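Okay, structure first, notes after.
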Amino acid sequence: MPATDPPTLPFYTQPGAMTSAGRHTAALRALPADPAALAGVIQGLLIHEHLADAYGVTLTDDERASVHTRPAERLLDQILARDGRPLDVARQPAARLAGNCRHFTVLLVTMLRAHGIPARARCGFGAYFRAGTFEDHWVGEYWHAGLRRWVLVDAQIDAVQYKLFRLGLDVTDVPRDQFLIAGDAWARFRAGTADPDRFGLSVINETGDWWIAANLMRDAAALGNTELLPWDGWGAMPGPGVPIGDERCALFDRLAALTQDPDRRFDELLHLTRADRRLRVPSTVRNALRDRDEPI
């Protein structure tokens with residue numbers, strides 16, 4: 001390994017609990033290793049639950065249930081149960097499995113790691129969906145060996161969504177000012193340079209500092225190879241509108257600093273998120289949408 005490569009690359013090459021393809025590993029290795037091509041494959045397998053109408057699809061409640069699936073292996077099981085053809089055969093929109101940005105991202109990371117490419121999921125906020133807002137979002141991040149840097153890829157955005165959102169950016173190399181990792185968003189909020197009421201999910205009219213803090217914890221968990229659902233909650237994660245307080249703010253200040261440069265302070269990040277019970281991902285998390293505790 002060249003000396004200029006981050007020491008974290010082996011960690012982000014190995015699959016985790018959510019990014020193990022399991023029985024589907026050979027099928028993923030048969031796919032192209034190019035991140036943009038893999039994003040195209042995923043777009044033929046998944047449909048975003050909140051954008052289905054853009055494809056002329058109306059999802060039933062039963063079809064929406066797949067958004068609660070966490071591990072990639074189970075996602076692939078469900079995809080192939082609906083249509084058993086090879087994964088690189090694009091399904092018609094109505095035959096695709098319902099998911100969201102997190103599911104597109106987890107599948108991308110799973111596929112890249114199956115090819116031995118270091119990759120990780122990042123949780124934060126996209127600036128390219130609605131003018132003036134930073135929308136709750138996940139993207140993939142992979143190590144580009146030629147460029148010697150991490151590259152952000154939005155595997156969710158296909159031609160339909162590119163036109164729908166009137167985009168003008170390269171979704172295979174998303175600019176860092178167009179997708180803010182949660183740690184950057186938190187740091188800007190704490191410095192007084194960003195309005196927390198611009199961060200959240202405008203479609204349900206929920207925003208605020210609590211949302212930034214929650215995504216910060218989810219991003220930190222993902223950096224530790226545990227990519228949870230956008231509505232999973234645990235530990236110190238604040239609820240909607242709940243004041244965070246000085247103690248938790250100090251904790252999140254430290255966490256944000258570590259997630260902003262996870263390669264340089266990787267050991268410290270892992271220690272904090274595994275040793276501090278307020279941040280450590282437990283064996284059971286709270287699924288807020290289902291209003292119940294679920295094992296992961």
Side-chain angles (χ1 to χ4, degrees), residues 39 48-51 67 99-106 108-109 120-142 150-157 161-162 164-223 227-233 236-242 244 248-249 252-253 255-262 269 279 288-289:
H48 196 293
E49 64 163 333
H50 295 309
L51 297 172
V67 303
N100 55 44
C101 55
R102 179 264 180 196
H103 298 86
F104 283 85
T105 296
V106 165
L108 177 65
V109 172
R120 56 199 185 193
R122 301 309 303 262
C123 180
F125 301 89
Y128 43 91
F129 295 103
R130 184 176 178 182
T133 69
F134 289 87
E135 301 289 335
D136 173 56
H137 199 47
W138 291 65
V139 299
E141 188 176 49
Y142 77 96
W150 290 99
V151 176
L152 298 176
V153 178
D154 192 333
Q156 173 192 309
I157 304 296
Q161 294 178 41
Y162 201 89
L164 177 67
F165 296 116
R166 300 178 181 179
L167 300 183
L169 53 81
D170 182 356
V171 294
T172 66
D173 190 355
V174 179
R176 298 282 168 168
D177 64 345
Q178 291 299 298
F179 179 83
L180 294 185
I181 61 168
D184 286 341
W186 178 264
R188 292 187 185 192
F189 151 61
R190 292 284 282 164
T193 60
D195 180 358
D197 289 334
R198 294 176 60 200
F199 292 82
L201 195 57
S202 58
V203 70
I204 60 174
N205 197 32
E206 285 190 355
T207 60
D209 57 359
W210 65 272
W211 199 302
I212 301 174
N215 273 9
L216 173 59
M217 285 185 58
R218 295 186 186 105
D219 186 56
L223 288 172
E227 302 83 1
L228 295 172
L229 298 175
W231 44 85
D232 281 337
M237 191 177 293
V242 176
I244 298 176
R248 279 196 293 180
C249 277
F252 295 146
D253 287 346
L255 186 63
L258 295 175
T259 62
Q260 286 176 288
D261 191 359
L269 173 63
L279 301 175
L289 291 188

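For the numbers below, each heavy atom of this structure counts, side chains included, while hydrogens, waters and symmetry mates do not. Here the structure is a predicted model, which means the values were calculated and not measured.
Residues satisfying the salt bridge (charged side-chain N to carboxylate O under 4.0 Å, His left out) test with Arg166, not counting sequence neighbours, are none. Trp210 is linked by a side chain to side chain contact (heavy atoms under 4.5 Å, CB included) to Glu206, Pro238, Pro240, counting only residues two or more places apart in sequence or in another chain.
Between the CZ atom in Phe125 and the CD1 atom in Ile181 there is a gap of 11.5 Å [rounded to 0.5 Å]. Annotation: the span from Met217 atom CE to Asp232 atom CG amounts to 11.0 Å, rounded to 0.5 Å. If you take CG on Asp195 and CG on Asp209, they are separated by 10.0 Å, rounding to the nearest 0.5 Å. Residue Asn100 holds its CG atom at 8.0 Å from CD of Gln156, rounded to the nearest 0.5 Å. The structure places CD of Gln161 at 5.0 Å from CG of Leu51, a figure rounded to the nearest 0.5 Å.
Using a distance-only test at 3.5 Å, with no hydrogens or angles considered, a donor-acceptor pair links the side chain of Arg198 to the main chain of Gly132. Between the Thr259 side chain and the Ala220 main chain, no donor and acceptor come within less than 3.5 Å of each other. In terms of modelled atom types and a separation under 3.5 Å, the side chain of Thr207 and the main chain of Asp197 share a donor-acceptor contact.
Side chains of Met237 and Asn215 form no contact here, defined as non-hydrogen atoms less than 4.5 Å apart. The shortest distance between side-chain heavy atoms of Phe129 and Val203 does not fall below 4.5 Å. Residues Asp253 and Arg190 are in side-chain contact: their nearest non-hydrogen atoms beyond the backbone lie under 4.5 Å apart. The shortest side-chain heavy-atom distance between Leu258 and Leu223 does not fall under the 4.5 Å cut-off. Two residues are said to be in side-chain contact when any heavy atoms from C-beta on lie closer than 4.5 Å; Asp219 and Trp186 fail this criterion. Side-chain contact between Leu255 and Leu269: present, with at least one pair of heavy atoms (C-beta onward) separated by less than 4.5 Å. Taking the side chain as every heavy atom from C-beta outward, Leu180 and Arg188 approach each other to under 4.5 Å. Contact check for Trp211 versus Leu201: side-chain heavy atoms found under the 4.5 Å cut-off.
The environment of Asn205 atom CG is sparse: at most 12 non-hydrogen atoms of other residues, nucleotides or ligands sit within 6.0 angstrom.
The two residues Leu169 and Pro175 have their closest heavy-atom pair at CB-CD, 4.3 Å. Annotation for Ala155 and Leu108: closest pair CB-CD2, 4.0 Å, computed over non-hydrogen atoms. Shown here for Gly140 and Thr105, the closest heavy-atom pair between the two residues is N-CG2, 3.7 Å. Residue Arg248 comes nearest to Ala236 through the heavy atom pair NH1-O, 2.8 Å, listed as atom of the first residue, atom of the second, then distance. Of all heavy-atom pairs spanning Arg122 and Pro262, the tightest one is NH1-CG, 4.3 Å. Summarising the geometry of Gln260 relative to Asp184, their closest heavy-atom pair is NE2-OD1, 2.8 Å, with the distance given to 0.1 Å.
Between Phe179 and His137, the ring planes are perpendicular. Angles over 60° get that label, and only those under 30° would be called parallel. Between His50 and His48, the ring-plane angle classifies as tilted under the 30° and 60° cut-offs. Between Phe134 and Phe199, the two ring planes are parallel [angle under 30°; tilted spans 30° to 60°].
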Using the side chain to side chain contact (heavy atoms under 4.5 Å, CB included) rule, take Leu228 and Arg218 through it: C-alpha gap first, then chi angles, then the decisive distance, then the call. CA-CA 7 Å; Leu228 295 172; Arg218 295 186 186 105; 5.7 Å; no

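When each of Tyr162, Tyr128, Trp138 is tested with Asp154 by the rule side chain to side chain donor-acceptor pair (under 3.5 Å), just one qualifies, namely Tyr128.
Seen from the ring of Trp150, Arg176 does not count as a face-on cation partner, given the 6.0 Å and 45° thresholds.
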